[in-house]
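Below: the structure, in structure tokens.
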Amino acid sequence: MGTKYVYSFDQGNGQMRELLGGKGANLAEMTSLGMPVPQGFTITTEACNQYYTDGEVINDDIQAQIMEYILKLEETTGKKFGDLENPLLVSVRSGARASMPGMMDTILNLGLNEDVVQVMARKSGNPRWAYDCYRRFIQMYSDVVMEVGKKYFEELIDKMKADRGVTQDTELTADDLKELAEQFKAEYKEKIGADFPSDPKEQLMGAVKAVFRSWNNPRAIVYRRMNDIPGSWGTAVNVQSMAFGNMGDDCGTGVAFTRNPATGEKELMGEFLTNAQGEDVVAGVRTPMPISQMADKFPEAFAQFKDVCQRLENHYHDMQDMEFTVENGKLYMLQTRNGKRTAAAAIKIACDLVDEGQITEQQAVCMIDPKQLDALLHPQFDAKALKEATPVASALAASPGAACGKVVFSAEEAKEWAARGEKVVLVRLETSPEDIEGMVAAQGILTVRGGMTSHAAVVARGMGTCCVSGCGAIKMDEENKQFELSGRTYHEGDWISLDGTTGNIYGEAIPTVPADPNSGYFARIMAWADKYRQLQVRTNADNPRDTKQAVEYGAQGIGLCRTEHMFFEADRIPAIREMICSDTVEQREKALGHVRGPPGLSHDRPLPGSPPPRVRPH
Ligand code: ADP
Ligand code: MG
């Protein structure tokens, strides 16, 4: 037998991420738990790799297996692809092993054409719904499969809304949407030079190919690089029968987390929109409602949803991030995955799950991403104050932590102001090595130019100082000591706040709280880590200041001391050079006699916001 490239949702399970991708594996897992999942099948990551091996074509074997599973899906749903009695519409969704939210493409309502849409409109008595699906499908297919570009279609929608004197998509009538679909097809023909494909099978293969191809789109490649995801994994493709959130006011679609992903609080968090589909919630087409209001809109579906949330958490033993749709009051689950969270939420959730008996202490330690912990070792904004603040701009999150201070424009001023006891944020076009003392004195650094590897970013990370870099939106006027950002002019001495973990910039003072690694959830997690680890932890330390900090953070010794760092200081380096160039023992001893005091003591004072030295296990 050849390779099996396609699995229906009831053939797979949650362990099969490598083959089915995260989304596919979890759809299969939810199916096996008896949850309401629209049925479908997953084309494996191996099929994606085969597609690339074959020179970017879907070979006959894979195509045949896909069509075999379409037949099966027709049997399960009682609907038929391209049928004029009871047409089957599907979504075609990407899904890699590791979640890459929004990085690849999705196509909804596939299987529609001029004949099918008419049947749907007539039989349902709901032509608005039928044409809404149709215009969405043409839009997504043109964008994702044919790369026509979303904006042309969005312009047509905006024009239609303006012509009709309405502001919301939902205010467009069936006739408006029908006309839009016509305009979309005309746009397609003009851009592509051919008619919009009407054969569902052709549409399906085009869509599957587009998802395979989206594995290598530029934003997916960048995301993979940032998250250490190998290009060789490939993406799976999920083909799923549609659940319709856009049939009217007893329908809707939404996203939710079982716990608060920012704070870790155990509360259902999320948003939904009535009479909507797919990306409407996240795309900001309309303002979504908080999930709690779902209790009034769809009481039964909401009760069922809460039950599903609880069961999913108990099953995965972790906070879940879910997508769902309600069709005529009935709930359908479209996705679940372990939710992404802030560092603060991660440690709280891990501790709470231990207290709830869901996981062991070892599992709690293992579920924390060590890279994230760095953010907890720096000052952070007071959570309540942050909630009430709105960022005025956002740039690169170059060095974590939070900073709040008065704007200064040069390193000298930063030093002077700080010496007077003022908190300052140093705002520069870019920084250079001469700025170092000003950078040390500042709470945070904001630059107009420069990326994650710019001088400011690298130095700030080394010092543990918050830095937001590359804020091109700033119009700098150094001469007059002012800059313009998002329509406001900031002068020397004005308060601003920076979040080096998110890259957000705030035009006001937001109080910060110092990091406190020796208490609360952080301390509990670290105590468990100490309890179960088998390695000793020693630190990199080159001077007394580093050593002191390392001991405070629990290091058991020094593992690496780069002696040359002790010789760099201005009053030492000439003596060391003299020693190296000496010819005799006497000369050498004389040279070393010029070295005064133990290294590092000249500034044996913790630098503001100084991070722990890098700790190396041995
Ligand atoms: P992403 O990986 O970017 O989240 P998804 O494949 O999850 O993309 O699809 C985006 C959205 O499309 C989903 O959140 C859901 O609202 C909608 N969607 C996908 N498949 C279906 C379906 N079978 N029925 C209804 N809506 C769907
Ligand atoms: Mg999704």
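Start at 1 and go down the list; that is how both ligands and their atoms are numbered.
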Within less than 2.8 Å of the Mg ion (ligand 2), how many protein N/O/S atoms are there?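 N, O or S atoms of the protein closer than 2.8 Å: 3.
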Any chance you could lay out the salt bridge (charged side-chain N to carboxylate O under 4.0 Å, His left out) test for E75 and K80, step after step, and finish with the verdict? CA-CA 8 Å; E75 278 164 28; K80 275 184 115 118; over 6 Å; no
Using a strict threshold of under 4.0 Å (side-chain N to carboxylate O), is an ion pair present between [Y] and [X]?
{"X": "E300", "Y": "K330", "value": "no"}
{"X": "D369", "Y": "K340", "value": "no"}
{"X": "R93", "Y": "E323", "value": "yes"}
{"X": "R219", "Y": "D105", "value": "yes"}
{"X": "K266", "Y": "E356", "value": "yes"}

Please confirm whether K72 makes a cation-pi placement over F41, using NZ or CZ under 6.0 Å from the six-membered ring centre and within 45° of the ring normal.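 The answer is no; the distance or angle limit is not met.
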Cationic tip of R224 above W233 ring, under 6.0 Å, 45° of axis: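 Here R224 fails the 6.0 Å and 45° test against W233.
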For a quick check: using heavy atoms under 4.0 Å, what are the residues in contact with ligand 1, sorted by chain and number?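 Protein residues near ligand 1 are K23, S91, R93, G102, T106, L108, Q240, S241, M242, A243, T253, G278, E279, E323, L334, Q335.
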Report the C-alpha distance between K159 and E155 in whole Å, list the side-chain angles of each, state the deciding distance to 0.1 Å, and finish with yes or no for salt bridge (charged side-chain N to carboxylate O under 4.0 Å, His left out). CA-CA 6 Å; K159 185 165 178 304; E155 278 165 19; over 6 Å; no
